[in-house]
Each structure stands twice: as structure tokens, then as C-alpha cells.
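Here is the naming used below: chain letters follow the sequence lines, and residue numbers restart at 1 for every chain. Just so it is clear, the structure is predicted and the values come from calculations on it, not from any experiment.
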Amino acid sequence: MTYIISRFCRIAAHETQTETLRITTNSETFILKNEFSDLYRSASMEYPKFFKMDSISKCGILASEYLLKGIDIKGKYSDTEIGIVLSNATGSLDTDLEFQKTINNKTSFFPSPAIFVYTLSNIVMGEICIKHKIKGENMFFLSETFPSDLLQEYVADLFQTNKVQSAIVGWVEYSTGKPDVLLLFVEKTETLTTELEFTSSQIASLYAL
Amino acid sequence: MKKPVYILADSIVTPLGNTTEENMEKLYNLECSIKSETHPQMGTVFASTFNPDKHFSIENPSETFTKIERLFIYSIEQAIDSLNVPLEQSKVLFVFASTKGNIEFLSDPTFDSNRLRIGIMAKYIAAYFGNKNNSVVVSNACISGLQAIQYGCHALQSEKYSHVIVTGADCVSEFVLSGFHSFHALSSFPSTPFDKNRAGVSLGEGCGTLILSCTPTTENNIEIRSVVSSNDANHLSGPSRTGEGLASAIQGAMNDAQVDYKEIDVISAHGTATIYNDEMESLAFKTTGVSNAPVYSIKGNLGHCLGASGIIETIVLANSMLADTLVPSIGFKETGTSVTLNVVTKSMHKHMRVGLKTASGFGGGNTALILKKQK
């Protein structure tokens with residue numbers, strides 16, 4: 001059995017044009033202004049909850065939209081057959097700082113429940129699960145650098161032990177105003193043809209896009 | 001075929017007790033470390049916290065470690081000391097679980113902000129033990145602890161390591177207390193899981209450490225038969241109303257462990273004592289056929305230790321199975337869930353072979369773990 005990356009989506013800061021992002025999927029590459037409203041429009045989704053989310057969840061939801069656009073994963077897999085394994089470096093630190101502002105001032109001490117719910121590393125994963133009704137194995141790793149070996153080995157094991165039949169795998173990082181995302185949709189196949197194989201080096205090279 | 005994974009050694013450090021043994025004794029005796037504290041803005045809050053002057057005396061205190069870092073090191077040293085075989089660090093992997101790490105320093109400008117990253121904090125701790133392997137850090141809200149064990153089992157089965165040290169800690173901070181307070185999720189008395197009059201969660205702090213290996217040291221080592229996770233895909237901060245997600249994890253864990261629901265001798269529940277969590281769990285236990293098994297939660301004794309809770313509770317379950325003594329659920333008086341559960345009210349002898357541990361968390365995650373005695 002071979003595991004393939006049947007779709008991917010990379011969102012990263014543009015190397016030369018600051019203020020813009022480069023978005024690369026298996027079918028196209030485009031450049032957009034680093035504004036969530038622009039990204040939302042370009043993903044052509046209708047999901048009002050998006051505007052209540054913290055930045056990292058917005059990044060994850062947008063990437064998952066680009067990733068799964070136009071394919072019917074539910075036609076192929078039941079909810080519990082789809083797993084999700086994500087990672088990042090800073091957890092929810094960007095939103096932690098936002099929440100801290102609501103409790104710093106002791107004379108206006110109003111901790112915000114709407115922000116607090118986002119102060120956990122895995123909430124972006126929860127948002128993606130809700131949006132796409134993904135109910136299988138889920139895992140969130142914190143890693144200082146993009147952990148291609150960790151992701152590959154753990155996800156391959158989930159496949160080999162029959163815990164998942166497909167999986168969303170990747171990295172969703174947001175700090176200092178910049179998204180840094182790679183999402184993969186991984187499936188299995190009997191024989192490898194033209195697809196990208198789900199190997200550590202392949203994942204690393206997609207992250208380098 | 002998967003290789004079996006065994007628990008070789010453990011350590012629990014909480015405000016209730018300094019060691020696994022001390023915590024077990026106090027849990028059997030229905031003792032509780034949740035106390036009231038007065039906060040200038042939030043008023044009276046209940047939490048299980050270490051005395052401010054509590055010193056976690058570690059063997060080599062040369063570096064400046066924060067409270068949670070010392071707690072981790074103290075507990076890991078304790079677990080290693082109780083292990084009766086030497087560890088070769090090159091063959092050891094550290095797996096960490098924490099939801100908030102050093103969060104209490106978030107607004108402290110003098111604090112090295114890198115250490116707010118749990119991954120970097122973990123590196124410091126592994127380095128203290130001279131371990132050079134890339135530590136793995138799991139942060140998946142309240143299921144972090146069980147998922148760190150899940151990862152630990154995976155790592156051992158890959159045969160790259162002889163031992164995996166799984167350790168989880170979280171501390172009570174103004175950050176987390178005020179967040180739960182803003183949700184109106186905190187109980188105005190020490191939490192009473194599964195009771196009719198339960199009124200929310202009490203937070204706690206502590207650390208649990210497990211040393212796992214595929215090579216048992218005695219025939220008393222408890223086996224981790226399976227760990228399976230799922231997601232509700234329903235709501236970020238509330239459990240599913242049906243318990244479907246947790247039921248799917250429990251069913252998956254039973255299938256994976258090749259254990260029938262009738263074989264479950266005891267359940268260590270998540271039991272946060274919020275209205276919705278305990279109700280949801282009772283439904284999931286019914287769906288999976290295990291609702292007649294004796295069930296308890298220790299969150300009424302220790303509070304909810306977030307990322308540490310799954311590890312601490314797994315250690316308590318394993319030790320109670322070895323002692324064939326059920327752990328009682330503090331504060332339970334009257335059934336308060338739509339499915340009547342067999343809640344343990346006092347510690348008693350029971351022969352136990354198979355135990356189930358469950359957890360659910362913010363973000364919709366659920367994990368179920370099954371322990372089994374070798375004999």
C-alpha cells in the first residue's frame with residue numbers, strides 16, 4: 001500500500017512583495033494581499049462564523065477550503081474514516097496575547113470568553129473538523145521547525161493500523177501577522193502513478209514552496 | 001502485529017500528594033486539595049494549587065527553572081528513580097503534554113518569551129536529563145495527556161526507542177482561571193463529578209509521568225492495550241449533546257484492544273463536573289454498553305489539571321487495578337445524569353483486569369485508553 005498526497009495547499013508570505021501572500025495548490029498558484037477579507041473572497045466560501053475566528057483559525061479554514069475545493073471527500077469516506085494531524089510552533093500564542101490584554105488592566109478586568117476559547121493550540125483543528133465534518137483520529141503537535149518526519153511517520157502509522165482511510169495533515173502557524181500554512185490531503189492507493197507520494201522529503205519540498 | 005506497551009514506572013505530583021503512593025492513599029480516603037482562594041476581580045474561586053512556597057527540589061538546580069519546569073523535572077526524576085533498570089538516554093524519547101506551559105509569564109517583560117513556546121520549554125527539560133532526541137510535544141486541550149500516551153505507544157512500536165517518558169503538566173494561572181470564570185464554568189464549591197447538584201469544574205495543577213516500554217520488568221507491569229481518538233466536529237467549547245464522538249473513541253479502543261464491553265471492570269471518567277460533560281459521558285457509556293461498570297472521576301479531589309489530567313488519571317487507574325481497589329468519586333450523592341451510572345462512592349476491593357480511561361476537550365477531541373493486567 002502506498003500513501004499519496006492527493007491535494008495540497010501552501011500559504012506563505014511572498015519572498016519579495018511584502019504585504020502579500022503566495023498561495024499554491026496542486027492546480028494553481030496565485031498572489032493575494034495579506035488581508036483576511038481578500039482571502040475569504042478568493043476562497044469563495046459562505047461561512048459567516050469565519051469572522052468570529054482568531055487569525056490562526058482563519059488561516060486553517062481558508063487553507064482547508066482551497067485544499068478540498070471541488071472534491072467530494074464525503075462521497076468516498078465516512079466522517080470517522082477521515083483523520084486530521086496538525087502542528088505548529090507557537091501554539092495559540094498570538095491569541096493568548098489578545099486574551100491577556102483583557103485581564104491586564106485590573107480596573108477594567110473583562111476576560112473575554114469569545115477570545116479565551118481560541119487560546120488553545122488545537123482550536124484551529126476543531127474549526128476545520130466542524131467545517132468539514134471530520135470525526136476521525138485527531139492530533140496536534142508543537143514543534144520548533146516544520147516536522148516532516150514526525151507528521152509522515154505518525155500519519156502512515158494511522159493508515160497502517162487502519163485508524164484512518166484518509167487524513168488532512170499539516171502545519172498551521174500564524175505569528176507577527178503572517179500566515180504560514182501547509183495542508184495535505186492524504187489517501188492510499190494500490191499503485192502509484194502520477195501522484196505525489198506521501199514521504200517526508202515530499203512533504204518538506206511542498207513546505208519549501 | 002503491534003508490540004504490547006507496558007507501564008514500567010510512574011510519578012504523580014499534585015497539591016494532594018508528592019508521590020503516586022501518597023496521591024493514591026488520599027484518593028482512597030476521599031481527601032481533596034481543592035481550596036477557596038480570593039481573587040480581587042473574580043472573588044472566591046476554588047482550585048487545587050500548590051502552596052506558594054512549595055519547592056520542587058530537583059537534583060541539579062543550577063539553571064533557573066520556572067515553577068512548571070521544576071514540577072516536570074521533579075516528577076520525571078521521581079519516575080526514573082523508581083525504575084529498576086538503567087536508562088540509556090540515546091534510546092529514550094520524551095513526550096510532553098501541556099496546554100499552557102509557562103503562560104503565567106505572558107505579561108512579564110523580563111521573561112524569556114521563547115520559553116512561552118511549549119516546544120522550547122520541553123527542550124530545556126529534556127536537555128536537563130541529557131536527552132538529545134527530538135522530544136515530541138502534544139497540545140490538544142484536555143485530551144493532551146492521553147494523546148501523549150497514544151504517541152508514546154506509537155513511538156515504541158516503531159522500535160526506535162527502548163523507553164518513552166510521557167510527562168504532562170499544567171499550572172493554575174490567572175490566565176486560565178479568568179478564562180474559565182468568563183465562561184461561567186467554575187463551580188462555586190469543590191467540583192462534584194456526576195452528582196445531581198454539580199455546578200461546574202474546579203481547576204487544578206500537577207504533573208504525571210509514565211515510563212513506557214515494550215519490554216516489561218515484572219509481570220505486574222500494566223499493559224496499555226489501545227488508545228483511540230476522535231473529534232465531535234460539533235462545537236468548540238461544549239461537548240456533543242449525544243456523546244457520539246466519545247462513544248466512537250471508546251468503541252474504537254475496545255475493538256483495537258480486542259476487548260468486549262462486558263470485560264470493562266472499571267472506568268476512570270473525564271468527569272469534569274460540568275452539567276454537559278458528565279451528561280455527555282453517561283450517554284457515551286450507555287451507547288458502548290459499559291454504563292454498568294464502576295465509574296469514578298478524581299477531578300473532585302485534584303481539580304482539572306488540563307494537559308496533565310489524562311496522564312495522572314491513567315496512573316491512578318493502573319495503580320488501583322494493581323491493588324484491586326476501586327477509587328471513590330468524591331462529592332457524588334445522587335444520580336445527576338440521564339443514564340444512571342454505577343458511581344463508586346467508597347473505596348472497596350474489586351478484582352480488576354481491564355480498565356477504561358476517557359477524556360474529552362475543547363476543540364471537540366475525545367480519547368479512550370484501555371489498560372489490562374498481564375495476569
*Among the listed options B:Gly363, B:Ser178, B:Gly364, B:Gly119, the residue most often paired with chain A at heavy-atom distances under 4.5 Å*: B:Ser178
*Check whether B:Asn140 gets within reach of chain A through its side chain, its backbone, both or neither, counting any heavy atom under 4.5 Å.*
both
_Quick check on A:Asp96 against chain B: is it the side chain, the backbone, both or neither that has a heavy atom closer than 4.5 Å?_
both
*Heavy-atom pairs under 4.5 Å with chain A are the metric here; pick the option from B:Val228, B:Ile103, B:Asn134 that has the most.*
B:Val228
*Between B:Gln147 and B:Ser229, a side-chain donor and acceptor under 3.5 Å*: yes
*Once the angle between the rings of A:Phe36 and A:Tyr174 is folded into 0 to 90°, is it parallel (under 30°), tilted (30 to 60°) or perpendicular (over 60°)?*
tilted
*In terms of heavy-atom pairs under 4.5 Å, which option from A:Gln160, A:Glu153, A:Met139 contacts chain B the most?*
A:Met139
*What part of B:Val136 lies closer than 4.5 angstrom to a heavy atom of chain A: side chain, backbone, both or neither?*
side chain
*Residue pairs passing the ring pair (Phe, Tyr, Trp, His ring centres under 6.0 Å) test where at least one lies in residues 52-71 of chain A, sequence neighbours excluded*: A:Phe30-A:Tyr66
*Would you call B:Cys142 and B:Thr272 a side-chain contact if the rule is heavy atoms closer than 4.5 Å?*
no
*Give, as side chain, backbone, both or neither, the part of B:Asn255 having an atom under 4.5 angstrom from any heavy atom of chain A.*
neither
_Students often mix this up, so state it plainly: with edges at 30° and 60°, are the rings of B:Phe111 and B:Phe105 parallel, tilted or perpendicular?_
parallel
_Under 4.5 Å from any heavy atom of chain A - which part of B:Gln157_ = neither
*asked:* Please determine whether the number of non-hydrogen atoms from other residues, nucleotides or ligands lying under 6.0 Å from atom NZ of A:Lys131 exceeds 12.
replied: yes
*asked:* Measuring centre to centre across the rings, with the benzene-like ring taken for any Trp, is B:Phe180 within less than 6.0 Å of A:Phe116?
replied: yes
*asked:* Pairing donors with acceptors under 3.5 angstrom, does anything connect the side chains of B:Gln41 and A:Lys106?
replied: no
*Between B:Gln150, B:His181, B:His184, which has the largest tally of heavy atom pairs under 4.5 Å with chain A?*
B:Gln150
*Select one option (side chain, backbone, both, neither) describing which atoms of A:Ile123 are under 4.5 Å from chain B's heavy atoms.*
both
*asked:* Does any part of the side chain of A:Leu21, heavy atoms only, come nearer than 4.5 Å to the side chain of A:His14, both counted from C-beta?
replied: no
*Any idea which of A:Asn104, A:Thr90, A:Asn138 has the most non-hydrogen atom pairs under 4.5 angstrom with chain B?*
A:Asn138
*Structural part of A:Ile115 lying under 4.5 Å from a heavy atom of chain B*: neither
*Do the side-chain N and O atoms of B:Glu281 and B:Thr358 include a donor-acceptor pair separated by under 3.5 angstrom?*
yes
*Within a reach of under 6.0 Å around CD of A:Glu15, are more than 12 heavy atoms found that belong to other residues, nucleotides or ligands?*
yes
*Heavy-atom proximity to chain B below 4.5 Å, by part of A:Ser143*: neither
*Please flag which part of A:Ala89 lies under 4.5 Å from any non-hydrogen atom of chain B: side chain, backbone, both or neither.*
both
_Short side-chain donor-acceptor distance under 3.5 Å, A:His132 and A:Ser64_ = yes
*Side chains of A:Ser6 and A:Glu187, donor plus acceptor under 3.5 Å*: yes
*Which answer fits B:His235, side chain, backbone, both or neither, if we ask what part of it has an atom under 4.5 Å from a heavy atom of chain A?*
backbone
*Where does B:Ser230 contact chain A at under 4.5 Å (heavy atoms): side chain, backbone, both or neither?*
both
*Side chain, backbone, both or neither of A:Lys163 within contact of chain B (heavy atoms, under 4.5 Å)*: side chain
*asked:* Can you tell me which of B:Leu236, B:Ile143, B:Val138 forms the most heavy-atom pairs within a distance under 4.5 Å of chain A?
replied: B:Leu236
*Tell me, side chain or backbone of A:Ser112 under 4.5 Å from chain B's heavy atoms, or both, or neither?*
backbone
*When heavy-atom pairs shorter than 4.5 Å are enumerated against chain B, which of A:Thr102, A:Leu158, A:Thr80, A:Thr119 gives the highest number?*
A:Thr119
*Measure B:Phe96 against the heavy atoms of chain A and call it side chain, backbone, both or neither at under 4.5 Å.*
neither
*Considering only heavy atoms, which portion of B:Val95 lies under 4.5 Å from any heavy atom of chain A: side chain, backbone, both, or neither?*
neither
*Top residue by heavy-atom pair count (under 4.5 Å) with chain B, among A:Gly83, A:Gly136, A:Ser121?*
A:Gly136
*asked:* Can you confirm whether or not the ring centre of A:Phe99 sits under 6.0 Å from the ring centre of A:Tyr118?
replied: no
